[in-house]
Amino acid sequence: MPSMAMAILQPHTSPSAIPSSSASFYGSSLQQPRLSNLRNSRSVPYRSTCKASWQELAGVLIFSAIPFTAVKAIANSPLGESLQRQMEKKKEAAIANSSKFKALAREARKDSSWYGEERPRWLGPIPYEYPKYLTGDLPGDYGFDIAGLSKDPVAFQKYFNFEILHARWAMLASLGALIPEILDISGAFHFSEPIWWRVGYSKLKGDTLDYLGIPGLHLAGSQGVIVIAICQVILMVGPEYARYCGIEALEPLGIYLPGDINYPGGVLFDPLNLSKDAAAFEELKVKEIKNGRLAMVAWLGFYSQAALTGKGPVQNLLEHISDPFHNNFLSLLNSW
């Protein structure tokens, strides 16, 4: 054993300097770099971080850049100029209609029980001195600001924008976490990895993932984590740039959005015309933020369940329903 340890520490030692039993174990591997030994060792499995050729990588990156590139190309083309001219002709009337709708929305908020001084508060009937700067003008304002983050009106509006953005992401992500697991457990559809947190882990192991569970539909699913991250960054450049610029960002394509940064409206962002009724639309805003907050809290539960049980949220729920007295949070803590 000491001679074997010395052989590891001194890779240039010749095989003749090692006892025959050790030499037969190592064979000719002593003449290879130690990295090669680590790669071939069963105790330390090696997986390449990038198995694709440069042609495949270039194809994935180009495919990811197509949306943003296409938008820029159309905006700078004669077609884009024609679309802008047509939009300018209709823009004045659209602005007038937008102003009328905003006036109706203000009146709807005055008559709604979800806005203003008579709106519900987070402590209900319990007496409490609520902040005076929270006037109930925005949806979901229950007078809750124990940290005083909303004293500055500019900061308050910024925080509201961020909350809306993260609430919508949380609701979409909840669907992405729950639906694959439900379909897989019910047997309606089979996914290579239905558990939301194991998808990233499987990519770290080098597995290939099929989009929507369709065999062979890989796109970037056959690439490494780094390549997928780069693709996501490229795909998000356009939407994030448009969000930064505001609703005017799509005007070079001849698209006028009548709303604001949080509720742009128009055919793209309101294809079902849910904002036609101003009173109903103001109530939908409240429902959206309430469900979005619930989704953000749910994700805290998803994270905790994944860390403590190693299972998906649907499987945890089914196990709790089957035996609620033994499969619950307290019993889980006791087992730890």
Side-chain angles (χ1 to χ4, degrees), residues 95 98-99 101-174 232-233 235-251 255-266 268-270 274-275 278-304:
I95 292 176
S98 177
S99 300
F101 179 81
K102 290 177 181 179
L104 292 174
R106 286 192 294 269
E107 292 298 323
R109 283 196 294 271
K110 291 179 181 179
D111 298 333
S112 174
S113 60
W114 296 104
Y115 297 87
E117 292 297 326
E118 302 300 324
R119 71 192 186 282
R121 307 300 176 97
W122 69 282
L123 283 178
I126 300 177
Y128 181 76
E129 187 176 351
Y130 293 97
K132 296 186 181 300
Y133 50 82
L134 295 178
T135 58
D137 291 334
L138 295 178
D141 179 1
Y142 290 88
F144 181 84
D145 187 20
I146 57 177
L149 299 177
S150 305
K151 290 182 178 180
D152 182 1
V154 177
F156 182 31
Q157 185 62 50
K158 184 185 298 184
Y159 290 142
F160 178 73
N161 297 345
F162 291 158
E163 184 183 28
I164 284 286
L165 179 67
H166 286 84
R168 290 167 177 168
W169 277 120
M171 288 187 286
L172 286 172
S174 296
Q232 289 181 336
V233 170
L235 285 170
M236 289 303 296
V237 165
E240 285 298 309
Y241 177 74
R243 186 172 66 86
Y244 173 79
C245 294
I247 60 175
E248 296 85 2
L250 293 178
E251 290 190 7
I255 300 174
Y256 173 74
L257 301 176
D260 54 35
I261 188 173
N262 292 320
Y263 308 98
L268 283 181
F269 295 95
D270 187 16
L274 298 177
S275 61
F281 186 52
E282 293 303 314
E283 187 173 345
L284 286 175
K285 290 180 181 180
V286 177
K287 293 180 179 179
E288 181 189 36
I289 192 63
K290 290 170 66 176
N291 285 278
R293 288 168 179 170
L294 180 62
M296 289 188 283
V297 173
W299 268 104
L300 291 178
F302 291 172
Y303 294 142
S304 302

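All residue numbers in this chain count up from 1 along the given sequence.
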Residue pair Y133, D152: steps toward the side-chain hydrogen bond (donor to acceptor under 3.5 Å, both in side chains) verdict: CA-CA 9 Å; Y133 50 82; D152 182 1; over 6 Å; no
Inspect the contact between E282 and K285 and indicate whether a charged nitrogen and a carboxylate oxygen are less than 4.0 angstrom apart. yes
How close do S275 and D270 get, counting heavy atoms only, and between which atoms? OG-OD2, 2.6 Å
Out of curiosity, W122 CH2 to Y142 OH, how far, rounded to the nearest 0.5 Å? 13.5 Å
Could you check F269 against L250 for side-chain contact (heavy atoms from CB on, under 4.5 Å), going step by step and ending with a plain yes or no? CA-CA 12 Å; F269 295 95; L250 293 178; 4.2 Å; yes
G136 and D141: which non-hydrogen atoms are nearest, and at how many Å? N-OD2, 2.9 Å
Do you know the tightest heavy-atom contact between G266 and P258? N-CD, 3.7 Å
Identify the two heavy atoms, one from Q157 and one from N262, that lie closest to each other, and give their separation to 0.1 Å. NE2-ND2, 3.9 Å
Should the pair R109-D137 be classified as a salt bridge under the 4.0 Å nitrogen-to-oxygen rule? no
Taking the side chain as every heavy atom from C-beta outward, state whether L172 and R168 have any atom pair closer than 4.5 Å. no
On a heavy-atom basis, the closest approach of Y128 and I146 is OH-CG2, 4.3 Å
From CZ (F156) to CG (L138), nearest 0.5 Å: 4.5 Å
